[in-house]
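All remarks here apply to the structure that follows.
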Amino acid sequence: MNTPAHSAPIQTADLLITAEGKIHVHNLTPALAELLCELNPRDASMKMRAEIAGARPADNTVETRTEPP
Amino acid sequence: MICPILNSYAEPVVRSEARKTMAAARIPLTRQALAACKLCAHQCGVNRLGGERGRCRAGADARVFSAQIEVGDELELLPTFAIAWSGCDLRCAFCLTHEASWNPSIGARLKPEELSVRATRALATGVRTVMFLGGEPTVHLLAVLETVARLPDEAPLVWKTNAHASAQARALMAGLFDIWVADYKFGNPDCARRLAGIGNYETVVRENLLWASDHSDLIIRHVLLPGHVECCWEPMAHWLSTHLPDVKVSLLDSYWPTERLRLPPELHRTIARHEKERAWDIARECHLNLIECNP
């Protein structure tokens with residue numbers, strides 16, 4: 001798929017990793033859910049989100065995070 | 001807390017005509033409304049078509065700062081294709097996305113045609129819903145309707161909002177969205193005034209929540225703020241138990257302090273374990289229909 005010049009074909013999410021090792025996430029993408037699930041397989045909520053993410057066929061062409069002009 | 005994957009959401013909104021047709025028919029009215037904008041409850045009345053700016057600072061053009069598949073929201077909505085428009089009518093002191101949310105010139109001018117193509121393709125790959133958010137999407141209702149008018153009628157659409165819309169905006173979006181995910185941020189007027197500068201928050205948000213409950217499936221979302229369990233969450237929970245006893249409530253403990261804002265003192269930390277436990281206790285005492293745990 002062609003993406004316009006003013007957008008970039010990447011996905012982004014915001015993370016905060018605290019000193020005690022807790023990870024907070026905003027705008028959780030499928031790829032990041034799968035990564036976080038691998039980091040902590042005991043996190044039931046993340047496991048479900050990773051499973052939901054993995055249940056659909058990968059198609060990164062529709063996913064676009066835009067950038068400021 | 002139990003965090004079930006819900007297998008189905010409510011039956012789609014019953015519409016007397018095709019959603020595309022309804023949305024398209026409201027586009028001229030919505031464009032006209034921008035000439036004396038009263039889409040949010042601030043009711044600024046400025047001419048956005050003529051270059052004037054109200055409290056949201058948005059003009060007539062809409063920009064998108066994110067359009068991607070996400071799995072961070074309530075489980076029954078996921079995966080969702082989330083379209084985030086920049087610009088918001090509120091200035092919450094703790095806003096994590098304030099750089100994009102408060103600046104309507106951030107992001108790209110993505111045409112409704114392009115957004116609808118991307119959303120439709122995402123649906124074809126197994127995405128469950130299309131979510132409209134911001135900032136605050138009410139501010140860009142014209143662009144939203146132009147996008148909805150191009151989406152398949154059967155696509156489940158989610159309206160993720162701060163619940164600070166005007167009656168005019170609600171009328172323009174009636175029947176278009178299957179699910180509202182509405183923030184309920186403050187449980188008393190003092191906190192709303194101090195943390196977001198809103199004078200009539202409770203009246204407006206409750207009006208929006210009751211309306212949304214009548215017109216669509218509704219998920220009320222509250223992000224617990226440190227130091228605000230008793231003053232905000234507790235009165236909110238009691239109001240919900242009385243007025244919307246069966247509504248789905250998503251209680252999140254995911255607040256984190258952004259370093260990029262000058263925060264009030266109590267918001268410099270995440271929520272404490274004892275505060276979280278007290279919040280769950282209040283929810284149980286009020287018999288709230290909790291649906292969610294944190295990502």
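In what follows, every chain begins at residue 1, and chains take the letters A, B, ... in the order their sequences are listed.
If you measure heavy-atom distances from Thr258(B) to chain A, you find no contacts under 4.5 Å at all. Proximity to chain A (any heavy atom under 4.5 Å) is restricted, for Leu96(B), to the side chain, taken from C-beta onward.
Residues Glu70(B) and Asn27(A) have side chains in contact (heavy-atom distance under 4.5 Å, counting atoms from C-beta outward). Contact annotation: the side chain of His24(A) approaches that of Thr270(B) to within less than 4.5 Å [non-hydrogen atoms, C-beta and beyond]. At least one side-chain heavy atom of Trp256(B) sits under 4.5 Å from a side-chain heavy atom of His26(A). Contact check for Ile52(A) versus Leu75(B): side-chain heavy atoms found under the 4.5 Å cut-off.
Between the Arg49(A) side chain and the Asp73(B) main chain, a donor and an acceptor come within less than 3.5 Å of each other.
For the residue pair Ala33(A) and Val71(B), the shortest heavy atom distance occurs at CB-CG2, 3.7 Å.
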